[in-house]
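What follows is a short report on a single structure.
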Amino acid sequence: MSLLSSYEGLRQEIQRLAQENEELRRLVQLIQENQELKLVLRSRGNSLSFCSPNFLPEATATPKLQKRKTIRFKDVERVLPGLPAEEPLVDANSSFNIMGSPEGRFHFAIDRGGTFTDVFAQCPGGHVRVLKLLSEDPANYADAPTEGIRRILEQEEGVLLPRGRPLDTSRIASIRMGTTVATNALLERQGERVALLVTRGFRDLLHIGTQARPDLFDLAVPMPEVLYEEVLEVDERVVLYRGEPGAGSPVKGRTGDLLEIQQPVDLGALRGKLEGLLWAQHEQQVGALARELGFTHVSLSSEVMPMVRIVPRGHTACADAYLTPTIQRYVQGFRRGFQGQLKNVQVLFMRSDGGLAPMEAFSGSRAVLSGPAGGVVGYSATTYQLEGGQPVIGFDMGGTSTDVSRYAGEFEHVFEASTAGVTLQAPQLDINTVAAGGGSRLFFRSGLFVVGPESAGAHPGPACYRKGGPVTVTDANLVLGRLLPASFPCIFGPGEDQPLSPEASRKALEAVATEVNSFLTNGPCPASQLSLEEVAMGFVRVANEAMCRPIRALTQKSTGHWHLYRQTKNQLGLGPSASVNTESRSKHQNHPLQKSDGVGGCQVYERLFIGPSWITRHEAMTPPPMYWLALEELVGNTLVPLPGRWAWTLCIFTGRHSGLLSALGLALADVVHEAQEPCSLAYTPETFAQLDQRLSRLEEQCVEALQAQGFPRSQISTESFLHLRYQGTDCALMVSAHQHPATACSPRAGDFGAAFVERYMREFGFIIPERSVVVDDVRVRGTGRSGLQLEDTPKIQSGPPHVEKVTQCYFEGGYQETPVYLLGELGYGHQLQGPCLIIDNNSTILVEPGCQAEVTETGDIRISVGAEAPSTVDTKLDPIQLSIFSHRFMSIAGHRKSRWLYMWMMGPPGHSVPPEQMGRILQRTAISTNIKERLDFSCALFGPDGGLVSNAPHIPVHLGAMQETVQFQIQHLGADLRPGDVLLSNHPSAGGSHLPDLTVITPVFWPGQSRPVFYVASRGHHADIGGITPGSMPPHSTTLQEEGAVFLSFKLVQGGVFQEEAVTEALRAPGKISGCSGTRNLHDNLSDLRAQVAANQKGIQLVGELIGQYGLDVVQAYMGHIQANAELAVRDMLRAFGSSRQARGLPLEVSAEDHLDDGSPICLRVQINLNQGCLAPVHVVIPKGSILDPSPEAAVVGGNVLTSQRVVDVILGAFGACAASQGCMNNVTLGNARMGYYETVAGGAGAGPGWHGRSGVHSHMTNTRITDPEILESRYPVILRRFELRPGSGGRGRFRGGDGVVRELVFREEALLSVLTERRAFQPYGLHGGEPGARGLNLLIRKDGRTVNLGGKTSVTVYPGDAFCLHTPGGGGYGDPEDPAPPPGSPPLFPAFPERGSVYEYRRAQEAV
């Protein structure tokens, strides 16, 4: 329990406790209503009392609370009859639940990280001991947590405790632990051997997954392999009951839906298979059979995570089976280090959701974030209360990666996220991980400073570790003087007995500096060379920018500005805590930003938070005010204009135990038990009684489970949730009603409907009142309250602070003398002027110039950030500034030849901050499924000439074409572009792809400029814009007009007015053509167009802020520099390719040819000029009248989804990059009068030099996710009978092509089936002797057994019982199949760290559309 030092703090604590205690809540309410009763603090006792006003002076005289064990209620019988005189906060018989209870025993909280283990111990008497040791040191001890406990017991007891002998547990009350055992096993694929049992026809379902590739531009499509080794298909099938003729009697499922058992489980046939495999996994009957046969661990998906959607649930069940035995082995090994195997000691493990669980209930699927979760709990339980309940941003920088999270009074959970390529469907804290940390490697590529994502890891580590490692961010810190080698132990070098090596860091960095200066001297824009320190500082600035991006993304979720809190690590990244407090004269929402534990020379990252605090007021007509440099780079402009001067005070708070914040968080954490089950009820008054009954049953389960662990009912609280969504949408929200009490028109558990509407409006900016609300899941979270009392107090200052030494640190502008202080010698009231370093055994704090640090009465360090003159940026190319702008505009990833070629074909790639945030606005405000849920849209920023500057990683086929659209409008309208205009276009001759893709373009004007200074645009796929078929994707159209509404150059907004009447008329115009219809969903069209306009406005605002900060000339100059840099990257690729051919005596001209199924040829000839100077590296010539330059009235719907795929294959073939992929999107449309469904289906990817083609994945110009089978069958009248790989369809070769898939749909209603496919006549080619992949095949199997080959493109009516069987093409092979394939290579020496979290999942979803 936190210490209280003021009456205000006491008031807040009482309010917090009142949320947990119903009687106390009622009493507080009465006190608030009755002014004669006052809340005061009695100094004579360890209690809180509610007394009359006579006692108020006593409270103000002695406001400090020393201890608190109970809450006493005095003289309140007349107000609350029956209220007990004393309500214990801790039951007398369960004191072990509170760390630090004074029963004379030890309480340990241990964070076992990947590199270091932190131990936080509350010792008898209440004092605290902390310890940090290596997680792996087999020469000295077998287990780090056990060793940490042994050392502290030995030091405290004064008794020698030999290693290897089980420890006496009589003095140990509790052990709490967070561990990375599960995470490491998942990352390293070191879990248990697993077999998967699944319904027949779905053996490859988890391999295919969503069918989307994780990296849009990587031809090799690297994806983690599935966790199971074997698959057994079970003959059984259950479908939703629809009352069809011949159906059997329905049964009720767990969700409440009626089900039809089409085929029971054949346990007899399965028994023999299980006896041979010795493993099983399916559902209840199969699980019982497996246990009967002696299997020790069985994970059932219906028990591990009972939520609808089989793919993520299946991955979660596999992960549970894969990881739980590993965790259990670790737990058993840990127990053997203690006498009695910890029988009488409470042992709890941190779960991914931020709650503690008994070690017996600690399972694999809930353990992946066990380590990072402790840090989130730590700052939420300390900083959030310390800062008066302000929202907090957590920032945890380690050696390989950085974790970012947020806390605003309650934990922010996600219920589906990916870790190490495995999607887990389980409650977990929303911890966003980016690949940037102290061990991130430094590169100079094509004129850019690049940090990560590759990491040096723990071995060999950074160059300064003396093991031959690469140059990293830690080395840059060391070169800048911000790491003091004397403060590190001598544990480096091959013998692990040497100090850090500054010489190795300088030598490694000098090699990169040579590349930088060579480019500056000989590059396209010659410039002065940079010193080694300037190069190091440049990399640090770029690393900061990389870590800012998830914080910016999180800030978009809340309003107002941000209060920042941060904790850093010590020299090795072991370190302190700091917070930045942004205070203004307004009452906006703030966010402290807390930095948790990590590993990697990180004191330099104070730069993220210590910066100037001046914000000047701008004149009219200028963009919103900016706040500068580090803080602005960290979170972007989220301030609200205030009258008069913009004055802010930035403060940093550094906690005493912040270097071990995760361990502290474990001590402060609560024990949690959750119960959840799927549901399929409508949220209506008729179902409220059923919902209350189900919630009550789950609540009983939680309470019983926590009481079994020793918690009295007074310490247990529960919170109920409903997983709600609007009917017909996929945006389900897990909603709690704790702030919405029950009404006469709601369940007894609370008004979930009001909570859902409120949150939906907050998340998306609108509601859909005409649609009903559906309950997908019911969930209850039970919490057993526990915590820690800290009673140690800091010392008072005695004289001025002692300077331990003076060193030289490099800052902007050069070296400065920097005093070094020891934290342990500082006392309350000491003040330190920056620059300076504050060091203790676990941390280093850097106080930058212009800042002042002081020690608070609680022993923390408060740093006030002063003003600093802003650095100036001119229009001349600066490679460091270019790298920072590239993060703002786009991040170019990858450097392989094939990758650059892929990027060049599809347009400049990257993750641009303005387009990313534009995309968020578009998704939030759109209403259609295509844009809101499938994310079928793209957003981009263009320069004054219409050239693409940056785009978010959306749809490949959009990326290059949008530039043509903008440039067409510039040429077409000329001087007719005016402020307040927004343009709409979709015509192919104006840069359009196909007609459903509507592009909205906003020209941006600037005061004093007659022409637009830049453009923003968004392209979204509208579900219907008219034409001859629903969905506007006809497979048999012959003219453009048959495909829907056409916009060449239409002013959607003119003079600031949305032209609703005119655009409505244009969308209905196709209905005037015989056989065609106007748009079939005008409401969604108009809503999505408005959303696109709003997204463009967001882009304008963000770029406007950059202009306000740097000036129009600088921003436009760097737009040009970015474009030139993209050209440079492509030029480097072409030069390398041409030089390679020249060296082998091959001509510099390459060519390739392929054919569409109707025989239309697609030919390419490329002439490479190695001496083309500064001209654009690629000039494209397309013959007039060819299939790639059709007449204005030609039908083009297949060009976007089919021809584009073939063009990419031809280009890749000409360059020899890889064999052909499936070359098709396999478009399938199904519809009738009441429903419509559209999907594209995966196939095989082509093999290449060094990799096999991926099977069952989308390639090239699309990356659309497929609907989960359970969602598909619940919403549409179909049964998915098969969805599996098509073995042997990939071409043979030294590297084999990927296999296509087989997807079979059985129809339950009459409907119109349309297919639009390719590669049914011509096979995907192999390369360099590789064999071609198999052709695709479209079969219609009538109910009577007749089979019809539908061909590649057709529409046909289907009837109940008919089946459509789609066989998609395979990828081509690479290399002669008779050549032996090389043996599997070892993992890369410096692997990139996988990202995770809601920000990553959003970006991944953007790429998977």
Side-chain angles (χ1 to χ4, degrees), residues 905-907 936 938 954-965 968 985-999 1019-1022 1025-1029 1031-1048 1153-1164 1180-1212 1220-1229 1238 1240 1258-1264 1314-1322 1336 1352-1355 1369 1409:
M905 288 187 296
M906 300 181 185
D936 196 347
S938 294
H954 294 142
I955 302 178
V957 76
H958 289 172
L959 302 187
M962 288 179 72
Q963 171 175 295
E964 300 296 325
T965 305
F968 175 89
S985 181
N986 69 343
H987 200 291
S989 63
S993 45
H994 59 184
L995 295 188
D997 286 342
L998 298 183
T999 305
R1019 177 172 289 184
H1021 184 105
H1022 288 238
I1025 57 167
I1028 58 177
T1029 61
S1032 306
M1033 292 281 291
H1036 51 277
S1037 55
T1038 57
T1039 66
L1040 189 66
Q1041 286 71 24
E1042 291 177 331
E1043 297 176 359
V1046 180
F1047 300 91
L1048 183 71
E1153 181 177 344
D1154 204 345
H1155 297 80
L1156 297 176
D1157 283 353
D1158 65 357
S1160 300
I1162 297 178
C1163 310
L1164 173 69
V1180 180
V1181 178
I1182 298 177
K1184 284 286 185 182
S1186 68
I1187 193 173
L1188 300 184
D1189 186 16
S1191 63
E1193 301 305 318
V1196 298
V1197 68
N1200 188 60
V1201 295
L1202 299 178
T1203 310
S1204 65
Q1205 294 283 71
R1206 195 62 50 84
V1207 169
V1208 175
D1209 276 340
V1210 169
I1211 296 174
L1212 293 174
S1221 293
Q1222 69 161 334
C1224 177
M1225 296 186 190
N1226 300 298
N1227 303 269
V1228 179
T1229 306
Y1238 170 71
T1240 61
H1258 261 320
S1259 55
H1260 300 341
M1261 306 305 281
T1262 188
N1263 206 23
T1264 310
S1314 298
V1315 292
L1316 183 59
T1317 61
E1318 269 286 329
R1319 291 289 192 196
R1320 269 54 183 175
F1322 291 91
K1353 303 168 184 65
T1354 192
S1355 291
V1409 291

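Remember, it's a predicted structure, so these values are computed and weren't measured experimentally.
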Give a yes or no on whether the backbone of [Y] and the side-chain of [X] come within a donor-acceptor separation of less than 3.5 Å.
{"X": "T965", "Y": "G991", "value": "yes"}
{"X": "K1353", "Y": "T1317", "value": "yes"}
{"X": "D997", "Y": "R1019", "value": "no"}
{"X": "D1157", "Y": "A1321", "value": "yes"}
{"X": "S1032", "Y": "G1044", "value": "no"}
{"X": "N986", "Y": "L998", "value": "no"}
{"X": "E1043", "Y": "G1027", "value": "no"}
{"X": "T1229", "Y": "Y1238", "value": "no"}
{"X": "H994", "Y": "P996", "value": "no"}

Less than 4.5 Å apart, any side-chain heavy atom of [X] and any of [Y]?
{"X": "V1197", "Y": "L1040", "value": "no"}
{"X": "P1034", "Y": "E1042", "value": "no"}
{"X": "N1226", "Y": "P1369", "value": "yes"}
{"X": "Q1205", "Y": "T1262", "value": "yes"}
{"X": "R1206", "Y": "L1156", "value": "yes"}
{"X": "Q1222", "Y": "R1319", "value": "no"}
{"X": "L1048", "Y": "S985", "value": "no"}
{"X": "V1315", "Y": "N1227", "value": "no"}

Query raised in the report: Is the closest side-chain donor-acceptor distance between S1160 and H1155 under 3.5 Å?
Result: no
Between atom [atom1] of [X] and atom [atom2] of [Y], what is the distance when rounded to the nearest 0.5 Å?
{"X": "M1225", "Y": "S1259", "atom1": "CE", "atom2": "OG", "answer": "8.5 Å"}
{"X": "C1224", "Y": "H1258", "atom1": "SG", "atom2": "NE2", "answer": "9.0 Å"}
{"X": "D1154", "Y": "D1209", "atom1": "CG", "atom2": "CG", "answer": "7.0 Å"}
{"X": "T1240", "Y": "L1316", "atom1": "OG1", "atom2": "CG", "answer": "11.5 Å"}
{"X": "F1047", "Y": "L995", "atom1": "CZ", "atom2": "CG", "answer": "9.5 Å"}

Report task. Could you please spell out the steps behind the side chain to side chain contact (heavy atoms under 4.5 Å, CB included) verdict for T1039 and E1193? Result -> CA-CA 6 Å; T1039 66; E1193 301 305 318; 5.7 Å; no
Report task. Evaluate the criterion side chain to side chain contact (heavy atoms under 4.5 Å, CB included) for residue pair V1208 and M1261; output intermediate values, then yes/no. Result -> CA-CA 8 Å; V1208 175; M1261 306 305 281; 3.4 Å; yes
**Report entry** Heavy-atom pair of closest approach, residues G1223 and E1318
**Finding:** O-CB, 4.0 Å
Query raised in the report: If every non-hydrogen atom of T1038 is compared with every non-hydrogen atom of A1195, which pair is closest and at what distance?
Result: C-CB, 3.7 Å
Query raised in the report: Charged N to carboxylate O under 4.0 angstrom, D1158 versus R1320?
Result: no
Query raised in the report: Going through the checks in order, is the side chain to side chain contact (heavy atoms under 4.5 Å, CB included) test met by T1203 and I1162?
Result: CA-CA 9 Å; T1203 310; I1162 297 178; 4.1 Å; yes
